[in-house]
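Read through the structure below, which is laid out as structure tokens, and then see the notes.
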Number of protein chains: 2
Amino acid sequence: MGITDRKEREKQEMRKLIIDAAMEMFIEVGYDKTSIRSIADKIEYSPATIYLYYKDKDELLYEVQGEAFDRLHKHFLKEVTAADPLERLEQLLAAYMTFGLKHPDLYDLMFILRSPMKAVEEEEAWPNCDKEYNFLIDIVKGCIDKLRFTDPMIAATTIWSLGHGIISLYIRGRYKVSKLPDEQIKEMMWQTAKAHIELIKR
Amino acid sequence: MGITDRKEREKQEMRKLIIDAAMEMFIEVGYDKTSIRSIADKIEYSPATIYLYYKDKDELLYEVQGEAFDRLHKHFLKEVTAADPLERLEQLLAAYMTFGLKHPDLYDLMFILRSPMKAVEEEEAWPNCDKEYNFLIDIVKGCIDKLRFTDPMIAATTIWSLGHGIISLYIRGRYKVSKLPDEQIKEMMWQTAKAHIELIKR
DNA sequence: TTTATTTTCTAAACACCGTTTAGTAAATTT
DNA sequence: AAATTTACTAAACGGTGTTTAGAAAATAAA
């Protein structure tokens, strides 16, 4: 049945059209200004049409999150180039942080916002992030003998949590409490990350 | 002028009435269900009245955040009891985490949500958090010679960032990527915190 | 080719939200 | 007792996510 195939293809193309528009708006005008209505406007369809392809906004955002993770992964592949696992770990943390600083709205969607996670609220998994999580775990395993940890999972969790803590506190303006000017705050963040890396080396 | 005094007093009482209602709703039904309209309902005034006492929702939330920080401070004073600064640091991190796990919606307001920070967006300060930040800094300074850091500020930033990273990744469901059941995730979080404390000791 | 059926789309409405405006009622001053 | 200031709210504005009922287009059947 050729027609059924084409219809299925067209359906997928429409879904792609929607999330691409959403992604573009996310980067250009930010999360707050990205509404179902504004996405519909951009692709020149009515808001109701979007609901023929996505059950609700959460589901749509989950798919956009997936795209954002693809971008993060490309960023990792570009930035994490060393052969030595310990060096790779340093590069990974740095790449994680630069991504967050460069695309705060995508970072929000990936690691802070509640909405996109409602799609996996029932499950004990989160496939969107699998690749990047394994990327981290593999690197840590590769140099676990050079780290002051016995369990790779704990080691990975400290690094991720610290990186996320630094970026999210900055993005949400909480380092203001230090009363430092923005540029000194950024410097402190990098020093903190560096200090942690030095700390975990055996 | 006695009447002016009473009027001023009544104005402050009304402001208190509003933020107390907001705080209660925050804890009982969560942020999402706490609207200006629902707060107005609770205190049996019209929504418009709230705008006679607060310029907008952000300003109101900033005040509720202040109350939340008072609660955090009381929690600290109750939990951080040791005399030894290093022990105090451990207790502080643990207290920070237990507060976040016990009151995720207040934690949101204090450390994650954008809205309340709009009140201090222009400034390079954040008075609501001053007391708790100094609490941390003072403890770190008290044991800096026993830590593998030279700068107390960097030491403090690692601890805060790690604690925040752990709690916020958990609250927003991101540790799901590990595919562990909830109870094992919690165990991992505590082990991660403990590992970090061991790591920073000289 | 014409009719019937299925699929695709949207206008309009619903129920919420934060916020403003215009006007009423109460308290205070003259 | 009248004039003025203060405290309050009903109603509206423009926004949100989402649903419904019906039109238009594409496909299948006659």
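Keep in mind that this is a model prediction, so the values were computed, not measured. In what follows, every chain begins at residue 1, and chains take the letters A, B, ... in the order their sequences are listed.
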ask   = For DNA chain C, what residues of residues 49-62 of chain A have any heavy atom nearer than 4.0 Å?
value =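 Only Thr49(A), Leu52(A), Tyr53(A) qualify.
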[X] has an atom [atom1]; how far is it from atom [atom2] of [N], in whole Å?
X        : N       : atom1 : atom2 : value
Met14(B) : dT6(D)  : CE    : P     : 17 Å
Glu10(A) : dA25(D) : CD    : P     : 16 Å
Glu13(A) : dT8(C)  : CD    : P     : 13 Å
Arg15(B) : dC8(D)  : CZ    : C1'   : 17 Å
Asp41(A) : dG15(D) : CG    : P     : 11 Å
Ile43(A) : dT10(C) : CD1   : P     : 9 Å
Glu44(A) : dC9(C)  : CD    : C1'   : 15 Å
Ile39(A) : dT18(D) : CD1   : P     : 11 Å

Considering all heavy atoms, the nearest Lys179(B)-Ala125(A) contact =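 Closest approach of Lys179(B) to Ala125(A), heavy atoms only: CG-CB, 4.3 Å.
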All N/O contacts under 3.5 Å from nucleotides 11-14 of chain C to the protein, with atom names and distances to one decimal?
none

query = Would you call Arg114(B) and Asp108(A) a salt bridge, taking side-chain N to carboxylate O under 4.0 Å as the test?
reply =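 Counted as a salt bridge, because a side-chain N and a carboxylate O are separated by less than 4.0 Å.
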query = With the threshold set at 4.0 Å, does a side-chain nitrogen-carboxylate oxygen contact exist between Lys176(B) and Glu121(A)?
reply =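 Answer for the salt bridge query: no.
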Stacked cation flag Lys57(A) on Tyr31(A), 6.0 angstrom / 45 deg =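 Yes, cation above the ring, under 6.0 Å and within 45°.
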inquiry  = Using a 6.0 Å distance limit plus a 45 degree cone around the ring axis, check whether Arg15(A) lies over the aromatic ring of Tyr54(A).
reply    =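 So Arg15(A) does make the cation-pi contact.
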task = Quick one: sort the His164(A) and His164(B) rings into parallel, tilted or perpendicular, breaks at 30° and 60°.
result =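 Ring orientation, 0 to 90° scale: parallel.
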Centroid-centroid distance, Phe111(A) to Phe69(A), less than 6.0 Å = yes
query = Among Phe99(A), Tyr96(A), Phe135(A), which residue meets the ring pair (Phe, Tyr, Trp, His ring centres under 6.0 Å) test with His75(A)?
reply = Phe99(A)
task = Tell me, please, which residues at least two apart from Ala119(A) pass side-chain contact (heavy atoms from CB on, under 4.5 Å).
result =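 Expected list: Tyr62(A).
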